[in-house]
Amino acid sequence: AEWYKKDLQSKGLEVVFVSSDEDEDAFKGYFAEMPWLALPYADRARKEQLSKKFKVQGIPSFVLLKSNGEVITLDGRSAVSEDPTGAEFPWIPEPFGLGESFV
């Protein structure tokens with residue numbers, strides 16, 4: 001959460017926590033420490049839809065989306081770990097060209 005409060009929130013990163021906690025009390029205890037938004041714990045149907053849509057296999061997962069909902073990366077954790085100050089935010093990958101250097 002420190003990386004978010006220190007650098008990334010001011011750059012426009014918005015985080016929405018989608019909980020896989022066992023129950024609402026566990027969710028409330030964990031979420032109380034977080035400075036960002038959360039999907040209501042009771043909305044389990046939407047949590048399952050999001051997990052399926054973004055192929056969540058384990059926790060924690062960190063999916064980065066554009067404001068229109070388009071996926072930037074399913075591995076947001078690596079993007080943030082490699083650039084915690086957000087110098088390259090929003091971490092949109094460079095297009096990959098099939099030039100001579102590829103072969």
Side-chain angles (χ1 to χ4, degrees):
E2 288 304 313
W3 48 265
Y4 176 74
K5 290 189 291 187
K6 183 176 179 229
D7 295 301
L8 299 175
Q9 183 177 24
S10 66
K11 292 185 178 184
L13 180 69
E14 189 64 71
V15 175
V16 179
F17 175 57
V18 180
S19 174
S20 292
D21 288 307
E22 293 292 324
D23 57 48
E24 191 160 3
D25 286 339
F27 162 76
K28 286 179 180 176
Y30 191 55
F31 180 60
E33 302 171 12
M34 297 180 187
W36 42 69
L37 305 172
L39 180 72
Y41 183 82
D43 198 347
R44 298 290 80 198
R46 187 165 306 170
K47 183 261 184 208
E48 290 304 319
Q49 290 172 337
L50 291 167
S51 293
K52 184 176 180 181
K53 179 175 183 165
F54 299 116
K55 301 172 179 66
V56 173
Q57 299 294 315
I59 55 172
S61 292
F62 192 172
V63 177
L64 291 172
L65 307 173
K66 293 181 180 179
S67 60
N68 65 1
E70 182 182 337
V71 174
I72 295 172
T73 180
L74 297 176
D75 188 16
R77 196 168 173 205
S78 290
V80 172
S81 295
E82 292 169 11
D83 181 23
T85 63
E88 301 295 322
F89 177 76
W91 307 295
I92 296 173
E94 294 290 324
F96 184 75
L98 296 177
E100 292 178 26
S101 63
F102 179 73
V103 180

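The first residue of the sequence shown is numbered 1, and numbering continues consecutively from there.
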Asker: Which other residues end up in the same hydrophobic cluster as Ile59, if Ile, Leu, Val, Met, Phe, Trp and Tyr are linked when side-chain heavy atoms come under 4.5 Å apart?
Answerer: none
Asker: Got a sec, which residues hit salt bridge (Lys or Arg N to Asp or Glu O under 4.0 Å) with Lys5, two or more places apart in sequence or on another chain?
Answerer: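 For Lys5 the salt bridge (Lys or Arg N to Asp or Glu O under 4.0 Å) partners, ignoring immediate neighbours, are Glu2.
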Asker: Taking side chain to side chain donor-acceptor pair (under 3.5 Å) as the test, write out the residues that go with Ser61, two or more places apart.
Answerer: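 Here no residue qualifies.
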Asker: For Asp75, enumerate each residue passing the salt bridge (Lys or Arg N to Asp or Glu O under 4.0 Å) test, keeping only those at least two apart in sequence or located in another chain.
Answerer: none
Asker: Run the salt bridge (Lys or Arg N to Asp or Glu O under 4.0 Å) test against Arg44 and tell me which residues pass, sequence neighbours left out.
Answerer: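 In terms of salt bridge (Lys or Arg N to Asp or Glu O under 4.0 Å), with neighbours along the sequence ignored, Arg44 is linked to no residue.
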Asker: With sequence neighbours excluded, tell me which residues meet ring pair (Phe, Tyr, Trp, His ring centres under 6.0 Å) with Tyr4.
Answerer: Trp36
Asker: Supply the atom-to-atom distance Leu64 CG to Leu13 CG, rounded to the nearest 0.5 angstrom.
Answerer: 7.0 Å
Asker: Please list all pairs passing the side-chain hydrogen bond (donor to acceptor under 3.5 Å, both in side chains) test where one or both residues lie in residues 23-33, with sequence neighbours left out.
Answerer: none
Asker: Check salt bridge (Lys or Arg N to Asp or Glu O under 4.0 Å) between Glu70 and all other residues, then give those that pass, not counting sequence neighbours.
Answerer: Lys66
Asker: Apply side-chain contact (heavy atoms from CB on, under 4.5 Å) to Pro40 and list each qualifying residue two or more places apart in sequence or on a separate chain.
Answerer: none
Asker: Grouping I, L, V, M, F, W and Y whenever their side-chain heavy atoms are under 4.5 Å apart, do Val80 and Met34 come out in a common cluster?
Answerer: yes
Asker: Over 60° means perpendicular and under 30° means parallel, so tell me whether Trp91 and Phe89 are parallel, tilted or perpendicular.
Answerer: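 Judged by the thresholds at 30° and 60°, the geometry between Trp91 and Phe89 is perpendicular.
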Asker: Applying the 4.5 Å side-chain criterion to the ILVMFWY set and letting contacts propagate, would Phe17 and Phe62 be lumped into a single cluster?
Answerer: yes
Asker: Under 3.5 Å, which donor-acceptor pairs do the side chains of residues 46-53 form with other protein atoms, sequence neighbours left out?
Answerer:
residue, atom, partner, partner atom, Å
Lys47, NZ, Ser20, OG, 3.4
Ser51, OG, Lys47, O, 3.1

Asker: So, using side chain to side chain donor-acceptor pair (under 3.5 Å) as the criterion, who are the partners of Asp7 when residues are at least two apart?
Answerer: none
Asker: Taking only residues two or more places apart in sequence or in another chain, which ones pass side-chain contact (heavy atoms from CB on, under 4.5 Å) with Ala87?
Answerer: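 Partners of Ala87 by the side-chain contact (heavy atoms from CB on, under 4.5 Å) criterion, ordered by chain and then number, come out as Asp83, Thr85.
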Asker: Tell me whether Val15 shares a hydrophobic cluster with Leu8, the cluster being built from Ile, Leu, Val, Met, Phe, Trp, Tyr side chains joined at under 4.5 Å.
Answerer: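 In one cluster: yes.
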Asker: How far does CG of Leu39 sit from CG of Leu37, to the nearest 0.5 angstrom?
Answerer: 10.5 Å
Asker: Indicate, with yes or no, if Phe31 and Tyr41 share a hydrophobic cluster defined by side-chain heavy-atom contacts under 4.5 Å among Ile, Leu, Val, Met, Phe, Trp and Tyr.
Answerer: yes
Asker: Please name the pair of heavy atoms, one in Pro84 and one in Trp3, separated by the smallest distance, quoted to 0.1 Å.
Answerer: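 For Pro84 and Trp3, the tightest heavy-atom pair comes out as O-CB, 4.0 Å.
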